[in-house]
Amino acid sequence: MKKTVIAISAGLALGLGVSNAQAAGGKTAAQELGCTACHGATTKLVGPSFQAVGKRYNSDKGKLLEVVKHNVKQGGSGNWTDVTGGTPMPPQPQAAGKTKKLKAIAGWIADLAK
Ligand code: HEC
C-alpha cells in the first residue's frame, strides 16, 4: 500500500515536472526567437502581453499556434490597436519554420492566460 502511494506521488511529481518543463520551453523559445523583445509575459511592451493574447483566444493552443505562425510569417497589424496604438508586428523570418519552438510558445501563451 505504502509503495503504491509512493509510486503515485512519484508519477505526479514527474507529470508536473514535464508540464513545467514545457512551459519553461515556451518561454526559452520566445527568448531565443526574439519575441520577448516586444512581448512581456504579463506586461504590454511594443506588442500586447502574451497573457492578453492567450485570453483573447481562450487559451486554445491550436488556435494560438495558427495565430503565432501567421504573425511570424506575415507579421500582423490592426488586431491590437486598442492596446498598442497601432504599431504593427513585422514578420519574424528567424522564427519561420521552427514548428517545435512555435508550438512550445503557443502552449506557454495558453498557460499564461489560465
Ligand atoms: C518588433 C516587435 C515584435 C516582435 C519582435 C514580435 N512581435 Fe508579436 N506583436 C507585435 C505587435 C506590435 C503586435 C500587435 C499587432 C496587431 O495589432 O495586430 C503583435 C502581435 C502578436 C500576436 C497576436 C496576433 C493576433 O492577431 O492576435 C502574437 C501571437 C504574436 N505577436 C507572437 C509573436 C511571436 C511568437 C514572436 C516571436 C517569434 C513575436 N510576436 C515577435 C510586436 C512584435
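FYI, side chains are in, hydrogens and waters are out, and symmetry mates aren't considered; it's all heavy atoms of this structure. Each ligand, and each atom within it, is numbered from 1 in the order the structure gives.
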Below 4.0 Å from ligand 1: does a non-hydrogen atom of Ala37 turn up there or not?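 Contact check Ala37 vs ligand 1: negative.
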
Of the backbone and side-chain N, O or S atoms of Met89, does one lie nearer to atom 8 (Fe) of ligand 1 than 2.8 Å?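 Here the distance criterion (N, O or S atom, under 2.8 Å) is met by Met89, so yes.
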
So that I can check it, does any N, O or S atom in His39 come closer than 2.8 Å to atom 8 (Fe) of ligand 1?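 His39 does place an N, O or S atom closer than 2.8 Å to atom 8 (Fe) of ligand 1.
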
Does Lys63 come within less than 4.0 Å of Glu66, counting only side-chain N to carboxylate O?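 Yes, Lys63 and Glu66 are salt-bridged.
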
Considering distance alone, does some N or O of [X] sit under 3.5 Å from an N or O of ligand 1?
| X | result |
| --- | --- |
| Tyr57 | yes |
| Trp80 | yes |
| Arg56 | no |

Would you indicate whether the side-chain heavy atoms of Leu102 and Leu33 approach each other to under 4.5 Å?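 Result yes, sub-4.5 Å side-chain heavy-atom pair found.
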
Indicate, with yes or no, if Tyr57 and Val72 share a hydrophobic cluster defined by side-chain heavy-atom contacts under 4.5 Å among Ile, Leu, Val, Met, Phe, Trp and Tyr.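 The answer is yes; both residues are in one hydrophobic cluster.
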
Closest non-hydrogen atom pair between Ser77 and Pro88, with its separation: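 For Ser77 and Pro88, the tightest heavy-atom pair comes out as CB-CB, 3.7 Å.
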
In terms of relative ring orientation, are Phe50 and Trp108 parallel, tilted or perpendicular, with 30° and 60° separating the classes?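 It falls in the perpendicular class, over 60°.
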
Counting only heavy atoms closer than 4.0 Å, does ligand 1 sit against the backbone of Asn79, its side chain, both, or neither?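 Within the 4.0 Å criterion, Asn79 contacts ligand 1 through backbone and side-chain atoms alike.
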
